[in-house]
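Have a look at the structure below before the remarks.
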Amino acid sequence: MGYTLNFSAVWRSFDQLLLGLALSLGLAFVAIAIGCVLGLITAFGLLSKRGMLRHPARIYVTIIRNTPILVLVLFTFFALPQLGIRLGKIESFVATLALYSGAYLAEVFRGGLLAVPNGLKEAGLAIGLTQSQIRNSIVMPLMLRNVLPSLSSTLISLFKDTSLAAAIAVPELTFEARKINVETFRVIETWIVASCLYVATCSVLAALLRQLERRMSIPR
Amino acid sequence: MTGNLLEIRDLHKRYGDVEVLKGVDCTMAQGDVISIIGSSGSGKTTMLRCINMLEEFQGGSIRIDGEEIGYETSGGTRRRKKEKEIARQRAMTGMAFQQFNLFPHMSAAENVMLGLVKVKGMRRDEARALAEKWLDRVGLAERRDRYPGQLSGGQQQRVAIARAIAMNPKLMLFDEVTSALDPELVNEVLQVIKDLARDGMSMLLVTHEMRFAYEVSSRVIFMNQGRIGEEGNPREMFHKPQTERLAEFLKTSTFN
């Protein structure tokens, strides 16, 4: 082949990649934070005895989970303005990822809620706690511990999904990498460096979540 | 006011089409220790769970200290009381469960403290002191900072009893509290219950421990197919059963 790797062009633009990474993290953080709230509300909706709450939650989860995220990103950015809803690139992507993560996290949280034994809720009732006290002191803390292992893999995949923002020219890591690729023609080097940044970030995220899991684990 | 601690009148409970309680009447005075025995499916646990509204019931009434539990009737319609009101009424009774049901993410002391802080509105240090007192009473002073997963079944059940008793209930409900325990752990739990009975705690126990029911109860109720089949003092009940069903039940049970 005779190809010699030469990273110097990529290093010159490394700051740009780091700025992109920072934006990726920012997008993921805001979207997932909103998604967690949305997911939690939806999870309670999915488990509600009232159809008025359960059906909308189920419809939301079904639609979002069965649509490719790239389609959602493009729809929100290109189609919604036609309907009179005009969002900036970043707002549009954050809204999409928040909706998307809400649907996925709803299923994760639902599983975690179901895994809390009914007997514990009864024990709470028996000492005179109200439903909301039981939810806050017993159900939620246990649900969180139940979901942490699967939550971390969901969070990591949601972080990686920020790369789809490149499709609507949000200057996050993948977009910046593509720009450097086009400007320098250092295709292999650029994508190697970008991949390394993703791997490193995800590894750090995974380690942080594992540590949280350990700290919250119940002594036995 | 009749002066009874507990007064159950014509209690009916249905699960769909199946009627599990077909008109149960029962009164209980302060300090009574009543054991409810009977084969599985006879409705004994269901009756206990109606008393603190863990089960809804469709007919009849339950009163504790004269106060109607769970439902109110106005203008001829029977309505479930508000959730807050029911929560307050539930705190009048304490309950220990077959499966202990300790909160796994809290230490023994925190399990006992939760109700004291959230329901009774105690300060944490007060609640802590009271929790330690009761854990000491059930012989677990040294284990107060252990988590349920670090305790044996018998120890967990004693914590669960301490958690209920610390709330200072008027009446304790015990739902087959030794059924999930290894045989060698049964006695430590029964001893705690005996001590409470001696201190004058009013209690209603669903149990399969016939020897224990015989020793500890002031009265025994035999449930049969959703009704009270027979009741009386333990001596008469166990030695001279009046009905054939009870005689048969006692033959197949572990009392001898």
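A quick note: this is a predicted structure, and the numbers were derived from the prediction, not measured. By convention in this document, chain letters (A, B, ...) are assigned in the order of the sequence lines, proteins followed by strands, and residues within each chain are numbered from 1.
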Okay, B:L102 and chain A: the region with an atom under 4.5 Å from a heavy atom over there is backbone
Which members of residues 116-123 of chain A, sorted by number, sit under 4.5 angstrom from chain B on a heavy-atom basis?
-> A:G119, A:L120, A:E122, A:A123
Would one find more than 12 heavy atoms of other residues, nucleotides or ligands at under 6.0 Å from atom CD of B:E184?
-> yes
Do other residues, nucleotides or ligands put more than 12 heavy atoms under 6.0 Å from B:K13 NZ?
-> yes
Within residues 79-95 of chain A, residues adjacent to chain B where the heavy-atom gap is under 4.5 Å | none
Interface moiety of B:R49 toward chain A, non-hydrogen atoms closer than 4.5 Å | side chain
Per-residue contact mode, B:M92 against chain A (heavy atom under 4.5 angstrom) = neither
Measure across A:I127 and B:A91 and return the closest heavy-atom pair with its distance rounded to 0.1 Å.
-> O-CB, 4.1 Å
Do other residues, nucleotides or ligands put more than 12 heavy atoms under 6.0 Å from the CZ atom of B:R124?
-> no
B:Q99 versus chain A, the contacting section by heavy-atom distance below 4.5 Å = neither
Which atoms of B:T93 approach chain A - backbone, side chain, both or neither, heavy atom under 4.5 Å = backbone
Taking atom CZ of B:R14 as the centre, does the number of heavy atoms from other residues, nucleotides or ligands within less than 6.0 Å exceed 12?
-> no
Rounded to the nearest 0.5 Å, how far apart are CG of B:N52 and CG of A:L125?
-> 8.5 Å
Please check if atom CZ in A:F78 has more than 12 non-hydrogen atoms from other residues, nucleotides or ligands closer than 6.0 Å.
-> yes
Look only at the side chain of B:H105 and the backbone of A:S137, and say whether a donor-acceptor pair between them is shorter than 3.5 Å.
-> yes
How about residues 157-175 of chain B versus chain A: which residues have heavy atoms under 4.5 Å apart?
-> B:R163, B:M167
Identify the residues of residues 140-178 of chain A whose heavy atoms come closer than 4.5 Å to a heavy atom of chain B, ordered by number, or report 'none'.
-> A:P141, A:L142, A:R145
Can you name the nearest heavy-atom pair linking B:Q150 to A:P219, along with the distance?
-> NE2-CB, 3.5 Å
Close side-chain approach of A:L129 to B:L114, heavy-atom, < 4.5 Å = yes
Where does A:I218 contact chain B at under 4.5 Å (heavy atoms): side chain, backbone, both or neither?
-> side chain
